[in-house]
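Take a look at the structure below.
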Amino acid sequence: MALWSREALKQGAVMVAPMLLGSVIRSGDVAVRLTEVEAYEGFRDPGSHAYRGPTPRTQIMFGQAGFAYVYFSYGMHHCLNVVCGRTGTASAVLLRGGEVIDGLEVARNRRNAGRSQGHPDRDLARGPARLASALGVDLHHKGVDLCDPASIVQLEMGSPSRSRRVETGPRVGVSGPGGDGTTYPWRFWLGGDPTVSTYRAAKSRLPRSRQEH
DNA sequence: CGTGCGATTATCT
DNA sequence: GATAATCGCACGC
């Protein structure tokens with residue numbers, strides 16, 4: 001299966017994100033067909049980690065397209081992004097959900113480890129942290145070239161026949177300095193697909209004792 | 001089905 | 001010291 005070309009990814013996250021639906025992210029034995037993604041930009045996007053400019057963590061987003069940006073979140077989860085756009089701009093697509101199409105046993109073992117109740121198969125990669133977990137991706141995979149056939153993690157083009165309706169909406173859980181209102185409708189998913197995560201608005205961060213007043 | 005809450009730590013200010 | 005691009009579980013309808 002052919003991999004995504006770096007040139008195509010240079011178009012930028014907002015252009016690339018809907019085109020990634022139906023594509024396949026493969027990490028070792030496990031492969032996931034993408035059904036839900038979100039686009040993030042840099043300075044003009046308050047929801048982006050790169051909004052305030054490059055830091056050691058976000059530097060890779062300002063680099064060449066086609067590399068993996070992985071971040072550690074909420075003290076326990078990992079999320080996987082594909083860096084897009086031209087070098088010098090911060091642009092990335094967050095992989096939010098998909099269907100495990102290869103390595104089902106490995107994915108089940110990873111996701112259900114230490115849990116009394118197993119997840120249904122359609123939940124194995126439903127949500128960004130679940131997807132990374134199913135793939136076995138963590139901070140060690142940050143900076144991997146997804147366009148290199150020698151890499152441990154690769155981004156494959158989907159089969160052209162898989163045409164479904166692409167739907168669009170606000171991104172999930174994005175707060176940012178300006179609040180939810182400043183977010184863009186940059187969440188893309190395949191309508192009706194059971195592996196698309198359920199929408200959750202950004203959690204209110206003020207404790208109850210400080211909300212009154 | 002939906003809403004609410006706490007876990008747990010890299011990263012930034 | 002505060003925050004967070006989440007998840008799983010509890011509980012109510």
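Protein chains get the first letters and strands the later ones, always in sequence-line order, with residue 1 at the start of each. Heavy-atom basis, side chains included; hydrogens, waters and symmetry copies ignored.
- Remark: A/Arg171 is positioned above the aromatic ring of A/Tyr40, its terminal NZ or CZ atom under 6.0 angstrom from the ring centre and at most 45 degrees off the axis.
- Distance check: A/Leu80 CG to A/Leu95 CG gives 4.5 Å after rounding to the nearest 0.5 Å.
- If A/Ser197 and A/Phe72 are placed on DNA chain C by their nearest nucleotide, the residue sitting closer to the 5' end is A/Phe72.
- A/His77 has no side-chain polar atom (N or O) that falls below the 4.0 Å cut-off from OP1 or OP2 of C/dC7.
- The A/Pro128 side chain lies nearest to C/dT6 when the options are B/dA7, C/dT6, C/dG8.
- If you check every strand for non-hydrogen atoms under 4.0 Å, A/His119 touches sugar and phosphate atoms only.
- Between the side chain of A/Tyr74 and the base of B/dA7, no donor-acceptor pair under 3.5 Å is found.
- Base pairing of C/dA5: no nucleotide in any strand meets the Watson-Crick or G-U wobble criterion (both distances under 3.5 Å).
- Between the P atom of B/dT3 and the OH atom of A/Tyr199 lies a distance of 11 Å, rounded to the nearest Å.
- Residue-level contact check: A/Arg187 touches neither bases nor backbone, having no heavy atom under 4.0 Å from any strand.
- The aromatic ring of A/Tyr40 stacks onto the base of C/dA5, its centre lying under 5.5 Å from the centre of the six-membered base ring with the two planes under 30° apart.
- With C/dT6, B/dT13, B/dA10 as the candidates, the nucleotide lying closest to the side chain of A/Arg52 is B/dT13.
- Taking atom CE of A/Met61 as the reference point, atom P of C/dA5 lies 11 Å away to the nearest angstrom.
- To the nearest angstrom, C1' of C/dC7 lies 9 Å from CZ of A/Arg111.
- Within the 4.5 Å cutoff, side-chain heavy atoms of A/Tyr199 are placed close to those of A/Arg187.
- The shortest distance between side-chain heavy atoms of A/Leu135 and A/Ile25 falls below 4.5 Å.
- With rounding to whole Å, A/Glu38 atom CD is found 11 Å from C/dA5 atom P.
- Rounded to whole angstrom, the span from the CG atom of A/Leu94 across to the C1' atom of C/dT6 amounts to 11 Å.
- A 3.5 Å limit on both hydrogen-bonding distances identifies no Watson-Crick or G-U partner for B/dT8.
- Considering only heavy atoms from C-beta on, A/Leu9 comes within 4.5 Å of A/Trp4 through its side chain.
- Put simply, CZ on A/Arg57 is 17 Å from P on B/dT9, counting in whole angstrom units.
- Straight-line distance from the OH atom of A/Tyr71 to the P atom of B/dC12: 14 Å, rounded to whole Å.
- Between A/Phe188 atom CZ and C/dA5 atom C1' there is a gap of 15 Å when expressed in whole angstrom units.
- In the interface, the side chain of A/Arg200 is paired with the base of C/dG8 through a donor and an acceptor atom under 3.5 Å apart.
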